[in-house]
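So the structure is just underneath, and the comments pick up after that.
Please read all numbers here as calculations on a predicted model, not as lab measurements. Counting convention: from 1, in listed order, for ligands and their atoms alike. Any value given below was found using the heavy atoms of this structure, including those in side chains, with hydrogens, waters and symmetry copies removed.
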Amino acid sequence: MEPELRTWAEISLLILRSNFASIQQAVGNSVTLAPVVKADAYGHGAVQVSRTLELAGAGWLAVSCVQEGVILRESGIGARILVMGGILAFEREPAYRHGLTPVVHSLEELEELDRASLSLAVHLKVDTGMSRLGTMARPAEVVQALGGLRSVRVEGLMSHFASAEDFSSGQTEEQTALFDEVCKAVREAGLSPGMLHFCSSSGIAYGRTSARHSLVRPGLAIYGYIPAPAGAAPAPLFQVQPVLRWYARLLNVREIAAGTPVGYMARFRAPRAMRIGTVAAGYADGIPHRLSTRGSFIAGGCAAPILGAVSMDLTTIDLTAAPQLQPGDAVTILGEGMDAQQIAGIAGEIPYSVLCGIGNRVRRIYSEA
Ligand SMILES: *Cc1c(COP(=O)(O)O)cnc(C)c1O
């Protein structure tokens, strides 16, 4: 039965579990999955998604910041939680108190945490080519820092691929070589590098296993999308299906005469008499404004082109192909016939930003089916 809502997203926990299982199967049981549930689980709802994945066997989850980790702890999530964006000084205490596992991004920070005598497990990130976070220290310096620790325990070394889906680029091999140098130096010094992790969805999907790993961090793939490849990429190692479908109801259906303007700046003017509908969702709900005059929803199983500008709360569509629809009927914004990858393609965005952009007004409804 459809909910009594203007716009809602249906999230299939069955598909979520099945995506998790597909990825686990592809990497094998010796590799730990740390599903990435940052940004409210890419718009899917971090608490619900984390609960479901924890019950499905996830022993690790990954978030961006302490605040996200605390929300999960306060909701009863017991899995290990990796805080990938690191911690600022004021986040140390809550990270410690809630048993979060921070990623440390410099040797100075590592030494400072150690001086604070926190008995804390952390992961150390090595910058191998993103130039955002992670230490840029030479292998010998890393070894020296690790060797001097007394209270902090470096439980893992990690990095992050910039171009794992791009087989026309040599960057993945360059990054892997830099990471390997650090791991090798650590081992040669008689220290254990602990868990090694490098791969997000694209690295896993396209078999970038030369980045020897004991843990992988899939985000997008958990939600049902594999980043589009470039160059001579192999076929993905697993299949996943979109977890989220998004619907909104028609508020109004009307016939307009040829020449009638539609929406702000009259960016559409009817070339003929036509039947149009006004849908109860706009860019405030996360419909990319750049779908104006270009995108489509799915109405009654058919493509219903967006007419004119997407407004804040409303979007007007062409109902020529679905004349049976009435006010109150639902149309599909994202679902069968139009996925986040397609929306992103039309809007000049990426599927990540489409999913993360789905707004608060869009109620998330969880289904076991
Ligand atoms: C977001 C993120 C991931 C997940 O990336 P996907 O492409 O969504 O799989 C993995 N690792 C780090 C460091 C991230 O920030």
Side-chain angles (χ1 to χ4, degrees), residues 16 19-20 22-24 26-27 31-44 46 49-50 53 58 60-69 72 80-87 100-106 122-135 156-166 171-172 175-176 179 195-209 211 213-230 233 236-240 242-244 339-341 344 349-358:
L16 179 69
N19 291 346
F20 174 74
S22 300
I23 302 167
Q24 183 73 71
V27 296
V31 175
T32 300
L33 249 60
V36 178
V37 296
K38 65 188 177 188
D40 205 23
Y42 294 40
H44 294 62
V49 164
S50 299
L53 293 174
W60 282 83
L61 296 165
V63 296
S64 182
C65 57
V66 167
Q67 189 188 327
E68 292 178 323
L72 296 184
R80 296 289 304 275
I81 299 177
L82 186 71
V83 181
M84 299 186 296
I87 48 171
L100 306 177
T101 306
V103 173
V104 170
H105 295 285
S106 77
V122 303
H123 290 220
L124 177 64
K125 186 169 188 179
V126 179
D127 178 12
T128 56
M130 285 289 276
S131 305
R132 302 185 307 183
L133 292 173
T135 178
L157 294 178
M158 65 180 280
S159 194
H160 189 55
F161 285 128
S163 323
E165 65 272 52
D166 184 0
Q171 195 180 10
T172 296
Q175 289 192 265
T176 306
F179 189 65
M195 310 172 88
L196 303 179
H197 45 117
F198 217 138
C199 285
S200 53
S201 297
S202 50
I204 307 166
Y206 299 111
R208 300 296 206 168
T209 46
H213 49 217
S214 39
L215 182 144
V216 292
R217 309 182 307 263
L220 193 69
I222 286 282
Y223 307 104
Y225 297 89
I226 293 174
L237 292 176
F238 57 83
Q239 300 286 318
V240 283
V243 168
L244 181 146
D339 68 17
Q341 188 89 55
E349 298 235 6
I350 52 177
Y352 298 81
S353 59
V354 170
L355 293 174
C356 292
I358 301 174

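Any N or O atom pair closer than 3.5 Å counts here, and L220 shares at least one such pair with ligand 1. Considering backbone and side-chain atoms alike, P227 places every N or O at 3.5 Å or more from each N or O of ligand 1.
The distance from ligand 1 to the heavy atoms of Y42 drops below 4.0 Å at these ligand atoms: 1 (C), 4 (C), 5 (O), 6 (P), 8 (O). Heavy-atom proximity to M84, at under 4.0 Å, picks out these atoms of ligand 1: 2 (C), 11 (N), 12 (C), 13 (C), 14 (C), 15 (O).
Closest protein heavy atom to atom 5 (O) of ligand 1: S200 CB, 3.3 Å. Of the protein's non-hydrogen atoms, the one nearest atom 9 (O) of ligand 1 is S201 OG, 2.5 Å. Scanning the protein heavy atoms around atom 7 (O) of ligand 1, the nearest turns out to be Y352 OH, 2.5 Å.
Taking 4.5 Å as the limit, every side-chain heavy atom of Q171 sits out of range of all side-chain heavy atoms of D166. Residues S202 and F161 are not in side-chain contact: their nearest non-hydrogen atoms beyond the backbone lie 4.5 Å or more apart. Between I222 and L16, some side-chain heavy-atom pair lies under the 4.5 Å cut-off.
Partners of T128 by side-chain contact (heavy atoms from CB on, under 4.5 Å), not counting sequence neighbours, listed by chain and number: V126, S159, Q175, L178, F179, F198.
Within the structure, ligand 1 has P218 among the residues with a heavy atom less than 4.0 angstrom away.
For atom 14 (C) of ligand 1, the nearest non-hydrogen atom from the set R132, K38, K125, R217 belongs to K38.
Within 6.0 Å of CD on E349 lie more than 12 heavy atoms contributed by other residues, nucleotides or ligands.
None of L33, L237, T32 except one satisfies the side chain to side chain contact (heavy atoms under 4.5 Å, CB included) rule with V27; the exception is L33.
In V36, the part holding a heavy atom less than 4.0 Å from any atom of ligand 1 is the side chain.
Between P218 and A34, the closest heavy-atom pair is CD-O, 3.6 Å.
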